[in-house]
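Structure first, then comments.
Scope of the values below: all heavy atoms of this structure, side chains included, with no hydrogens, waters or symmetry mates. We number each residue from 1, following the sequence as shown.
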Amino acid sequence: MEKILDIALENQKRAYEVIDELRIVDIWRSIGADAHLVGSLKTGLLMKHKDIDFHIYSPQVSVSESFAAISRIAENSHITRIEYGNLLQTEEQCIEWHLFYCGENVDDLWQIDMIHIVKGSLYDGYFEKVAERISKVLTPETRGMILKLKYETPDDTKIMGIEYCRAVLEGGVSSYGELTEWRKCNPVSGIESWMP
C-alpha cells in the first residue's frame, strides 16, 4: 500500500506542476472565466490514469473566446494534441476541450479536460459539490481502497473515477473482482450523477 500511496502523491505533485506550467487558471481568467479543479486530482484520488479536470465558467460562452484561451495554452510545446466538442445547444451548455500534454520523458503523459460551461446552467457547480462531498466522507481506509483499485485496474480498461468512489463508498467494494461484478450491476451511461 505504501508504494501505491507514493505513486498517488508523486502524480498529484506533478499534476499541479503541469497546471502551473500551462498557466491554466490565469489564462482562463484573462478572458473573464473562472476555472475550478474537479475530479480525481481535486479529491486526492489521482492514480495511474493521469488526467486533470477543470470546469470553467463564463456568463456567456463564446466559441471564439474559448478558442483564444485554448490557443494560448497550446503555445506550450508540450501540448501535442487538442480535441474540441461544441455542446452549447445541449442541456450541458458547454464546450469540451481535451488537451494532451507530453513532458520530457515518455511516462509524463497527461490528459487535461477543460469543460467551458455557461454560468447558471444545469451543471454549474455540480461537480465541485461532488468533489467536496467525496473529500468529506473519505477515510484513510476508503481512500486507500480507491487508490488500490485504480492501481489494479488494467491500463486498457476505462473506468470513471466516480465509479470507484461509488463502488467503495456506497457498495463496500474491496477487491478488483468485486469492482468488476459491482459495475455489471450498476452500469453507467452518460454522466454519472451519484453523490455521497
Side-chain angles (χ1 to χ4, degrees), residues 1-25 35-55 73 76-81 83 97-115 127-188 191-192 194-196:
M1 181 57 81
E2 190 173 327
K3 176 188 174 185
I4 291 171
L5 294 175
D6 286 348
I7 292 170
L9 283 172
E10 186 58 38
N11 284 343
Q12 288 172 56
K13 178 176 174 268
R14 179 63 183 136
Y16 284 109
E17 291 171 355
V18 169
I19 291 167
D20 288 344
E21 177 190 337
L22 296 175
R23 302 184 312 114
I24 290 171
V25 174
H36 298 256
L37 193 61
V38 294
S40 295
L41 181 57
K42 179 69 175 177
T43 57
L45 295 170
L46 183 65
M47 188 29 138
K48 285 193 310 183
H49 181 59
K50 296 178 180 175
D51 64 334
I52 298 168
D53 300 299
F54 277 97
H55 281 188
I73 295 168
N76 185 297
S77 62
H78 293 293
I79 298 296
T80 58
R81 186 163 55 101
E83 295 174 2
W97 294 104
H98 307 284
L99 281 68
F100 298 86
Y101 174 102
C102 181
E104 299 299 332
N105 69 67
V106 71
D107 295 326
D108 195 23
L109 300 172
W110 294 85
Q111 179 173 328
I112 305 162
D113 296 332
M114 291 182 274
I115 313 302
F127 290 97
E128 290 87 337
K129 191 181 292 183
V130 171
E132 183 182 319
R133 294 272 292 272
I134 288 170
S135 296
K136 280 186 179 174
V137 301
L138 280 176
T139 65
E141 293 75 26
T142 55
R143 180 176 183 272
M145 181 54 62
I146 291 166
L147 290 173
K148 180 176 176 284
L149 291 171
K150 287 185 171 190
Y151 181 78
E152 292 174 352
T153 299
D155 292 343
D156 60 353
T157 301
K158 293 286 263 179
I159 301 176
M160 290 189 294
I162 193 75
E163 290 183 85
Y164 292 101
C165 294
R166 184 177 179 197
V168 171
L169 297 173
E170 181 183 85
V173 165
S174 61
S175 72
Y176 185 71
E178 287 179 14
L179 176 65
T180 302
E181 289 305 310
W182 188 89
R183 290 184 72 225
K184 287 178 187 172
C185 298
N186 298 275
V188 176
I191 295 174
E192 173 57 81
W194 174 82
M195 186 185 307

Q) Distance-only, no hydrogens or angles: does the His98 side chain make a donor-acceptor pair with backbone N or O of Asp113 under 3.5 Å? A) no
Q: Might you confirm whether atom OH of Tyr151 has over 12 heavy atoms from other residues, nucleotides or ligands at distances under 6.0 Å?
A: no
Q) Ile112 and Leu22: side-chain contact (heavy atoms from CB on, under 4.5 Å), yes or no, with the steps? A) CA-CA 11 Å; Ile112 305 162; Leu22 296 175; 3.4 Å; yes
(Q) Using the rule side chain to side chain contact (heavy atoms under 4.5 Å, CB included), only one of Pro140, Ser175, Ser174 pairs with Met145; which is it? (A) Ser174
Q. Given side chains that start at C-beta, do those of Cys165 and Ile146 come closer than 4.5 Å, heavy atoms only?
A. yes
Q) What's the shortest heavy-atom distance between Asp51 and Leu46, and which atoms? A) O-CD1, 3.4 Å
Q) About how many Å separate CD of Gln111 and NE2 of His49, when rounded to the nearest 0.5 Å? A) 5.5 Å
Q.
If you define the side chain from C-beta out and look only at heavy atoms, does anything of Leu179 sit under 4.5 Å from Ile159?
A. yes
(Q) To the nearest 0.5 Å, what is the distance between CD on Glu170 and CE on Met195? (A) 13.0 Å
**Q.** Electrostatic pair Glu17-Lys13, nearest N-O below 4.0 angstrom
**A.** yes
Q) Quick one: are Met47 and Ile7 in side-chain contact, heavy atoms under 4.5 Å? A) yes
Q.
So which atom in Gly171 and which in Trp182 form the shortest heavy-atom distance, rounded to 0.1 Å?
A. CA-NE1, 3.8 Å
Q. Should Ile73 and Arg23 count as side-chain neighbours, where that means a heavy-atom distance under 4.5 Å?
A. no
Q. To the nearest 0.5 Å, how far apart are OG1 in Thr142 and CG in Leu147?
A. 9.5 Å
Q | Basic-acidic side-chain contact under 4.0 Å: Lys184, Glu181 | A | yes
Q) Would you say Tyr16 and Leu37 make side-chain contact, with heavy atoms under 4.5 Å? A) yes
(Q) Taking atom CG as the centre, does Asp155 end up with more than 12 heavy-atom neighbours from other residues, nucleotides or ligands that are less than 6.0 angstrom away? (A) no
Q. CG/Asn11 to CG/Leu41 distance, rounded to the nearest 0.5 angstrom?
A. 10.0 Å
Q. Would you say Lys50 has more than 12 foreign heavy atoms packed within less than 6.0 Å of its NZ?
A. yes
Q. How are the rings of His55 and Phe127 set relative to one another: parallel (under 30°), tilted (30 to 60°) or perpendicular (over 60°)?
A. perpendicular
Q.
Quick one: does any side-chain atom of Lys136 pair with a main-chain N or O of Pro196 as donor and acceptor, under 3.5 Å?
A. no
Q.
Test side-chain contact (heavy atoms from CB on, under 4.5 Å) on Ile134 and Ile162; report intermediate values, then the result.
A. CA-CA 9 Å; Ile134 288 170; Ile162 193 75; 3.7 Å; yes
Q.
Is any side-chain heavy atom of Leu169 closer than 4.5 Å to one of Trp194?
A. yes
**Q.** Side chain Ser135, main chain Ala131, donor-acceptor under 3.5 Å
**A.** yes
Q) For the side chain of Lys150 and the backbone of Leu45, is there at least one donor-acceptor N/O pair under 3.5 Å apart? A) yes
Q.
Working to the nearest 0.5 angstrom, can you tell me the gap between Ile52 CD1 and Gln12 CD?
A. 11.0 Å
Q | Gap between atom CZ of Arg166 and atom CZ of Arg183 - 0.5 Å precision | A | 12.0 Å
Q) For residues Tyr164 and Thr153, is any side-chain donor paired with an opposing acceptor at under 3.5 Å? A) yes
Q: Kindly indicate whether the side chain of Arg14, heavy atoms from C-beta on, has any atom under 4.5 Å from the side chain of Trp110.
A: yes
(Q) Under a 3.5 Å distance rule, please check whether Arg143 uses its side chain to pair with a backbone N or O of Gly44 as donor and acceptor. (A) yes
Q: Quick one: closest heavy-atom pair of Gly161 and Ser40, and the distance?
A: CA-OG, 4.4 Å
Q) Can you find a heavy atom in the side chain of Val130 that is under 4.5 Å from one in the side chain of Val38? A) no
